Novice: 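Before I ask anything, here is the structure I am working with.
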Amino acid sequence: SRLVRTYAPGVHFDGVGLHVGNNSVRHAPHSCMTGGGSNHVFEHNRLEHCVYECIDAGAFYVGRSWAQRGNVVRFNVFHTVRPTERLAQRSCSQNALY
């Protein structure tokens, strides 16, 4: 994410029935993981220092479509999900899961 600061996650997923596990993603100015789909399992991932230049975003960013069902998020660690940019610090819309 040196050139593209947003929507360039460490892990991007799409489709049906993926297993995304045992990843360590850190220092992402926007989301660490993003994508869509159904029946995915996300477990034992470590997401650190995420969403530090953005507002209205999350370390794990999926969205809100009714078509994306059956996803399981368990046993993940979210550490330091907060803004460091002065403008973004005035907002409280940075989340671990979005």
Side-chain angles (χ1 to χ4, degrees):
S1 291
R2 291 183 185 184
L3 300 176
V4 179
R5 306 302 285 171
T6 58
Y7 297 100
V11 175
H12 182 271
F13 54 90
D14 207 2
V16 177
L18 298 176
H19 178 262
V20 181
N22 302 305
N23 296 290
S24 178
V25 183
R26 56 184 174 224
H27 300 289
H30 190 236
S31 298
C32 286
M33 288 187 177
T34 188
S38 301
N39 301 321
H40 302 314
V41 176
F42 304 92
E43 59 186 359
H44 304 289
N45 297 293
R46 185 171 182 88
L47 309 180
E48 301 179 67
H49 303 285
C50 306
V51 197
Y52 57 82
E53 290 183 2
C54 299
I55 60 173
D56 194 27
F60 181 87
Y61 189 95
V62 177
R64 55 194 174 275
S65 170
W66 284 103
Q68 299 177 20
R69 297 180 180 205
N71 295 314
V72 176
V73 180
R74 62 184 176 206
F75 314 121
N76 296 287
V77 175
F78 297 91
H79 188 272
T80 316
V81 179
R82 65 176 180 223
T84 57
E85 294 294 316
R86 184 172 286 177
L87 180 63
Q89 288 175 347
R90 294 184 182 149
S91 173
C92 59
S93 62
Q94 296 84 6
N95 303 291
L97 300 169
Y98 189 96

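A quick note: this is a predicted structure, and the numbers were derived from the prediction, not measured.
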Novice: Between Ala59 and Cys50, what is the shortest heavy-atom contact and its length?
Specialist: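 Scanning both residues completely, I find the closest heavy atoms to be CB-CB, 3.8 Å.
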
Novice: So, for Glu48 and Ser24, which heavy atoms are closest and what is the spacing to 0.1 Å?
Specialist: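 That closest heavy-atom pairing would be OE2-OG, 4.3 Å.
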
Novice: Is the backbone of Asn23 close enough, under 3.5 Å, to the side chain of Asn45 for a donor and an acceptor to pair up by distance?
Specialist: yes

Novice: Should the pair His30 and Tyr61 be assigned to parallel (<30°), tilted (30 to 60°) or perpendicular (>60°) ring geometry?
Specialist: tilted

Novice: If Ile, Leu, Val, Met, Phe, Trp and Tyr residues are connected whenever their side-chain heavy atoms lie under 4.5 Å apart, and connections chain through other members, are Val25 and Val73 in the same group?
Specialist: yes

Novice: Looking only at non-hydrogen atoms, find the nearest pair between Pro29 and Arg5 and report the distance.
Specialist: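 Nearest pair, atom of Pro29 first, then Arg5: CG-O, 3.4 Å.
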
Novice: Are the side chain of Ser31 and the backbone of Gly58 linked by a donor-acceptor contact shorter than 3.5 Å?
Specialist: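 The answer is yes, because a donor-acceptor pair under 3.5 Å joins these two groups.
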
Novice: May I ask whether Tyr52 and Phe78 are part of the same hydrophobic cluster, defined by side-chain heavy atoms of I, L, V, M, F, W, Y residues being less than 4.5 angstrom apart, directly or through others?
Specialist: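 No, because Tyr52 and Phe78 fall into different hydrophobic clusters, even though each may have its own neighbours under 4.5 Å.
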
Novice: Among Val51, Asp56, Thr34, find the residue that satisfies the side chain to side chain contact (heavy atoms under 4.5 Å, CB included) test when tested with Tyr98.
Specialist: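 Running side chain to side chain contact (heavy atoms under 4.5 Å, CB included) over Val51, Asp56, Thr34 with Tyr98 returns exactly one hit, Asp56.
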
Novice: Just by distance, do the side chain of Asn76 and the backbone of Leu47 share a donor-acceptor pair under 3.5 Å?
Specialist: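 Between the backbone of Leu47 and the side chain of Asn76 there is no qualifying donor-acceptor contact (under 3.5 Å).
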
Novice: Measure up the Phe13 and Phe60 rings against each other and bin them: parallel (under 30°), tilted (30 to 60°), perpendicular (over 60°).
Specialist: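 Ring orientation, 0 to 90° scale: parallel.
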
Novice: Would you sort out whether Glu43 and His19 count as a side chain to side chain contact (heavy atoms under 4.5 Å, CB included), showing the intermediate values?
Specialist: CA-CA 8 Å; Glu43 59 186 359; His19 178 262; 2.8 Å; yes

Novice: Measure the NE2-CZ distance between His44 and Arg74 for me, rounded to the nearest 0.5 Å.
Specialist: 7.0 Å

Novice: If Ile, Leu, Val, Met, Phe, Trp and Tyr residues are connected whenever their side-chain heavy atoms lie under 4.5 Å apart, and connections chain through other members, are Leu18 and Leu97 in the same group?
Specialist: yes

Novice: Evaluate the ring planes of His79 and His49, with Trp represented by its six-membered ring, and classify them as parallel (under 30°), tilted (30 to 60°) or perpendicular (over 60°).
Specialist: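 If you compare the ring of His79 with that of His49, the planes turn out perpendicular.
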
Novice: I'd like to know if the side chain of His40 reaches the main chain of Asn71, judged simply by a donor and an acceptor atom lying under 3.5 Å from each other, with no hydrogens or angles considered.
Specialist: no

Novice: For residues Pro9 and Cys32, report the shortest heavy-atom separation together with the two atoms involved.
Specialist: CB-O, 3.5 Å

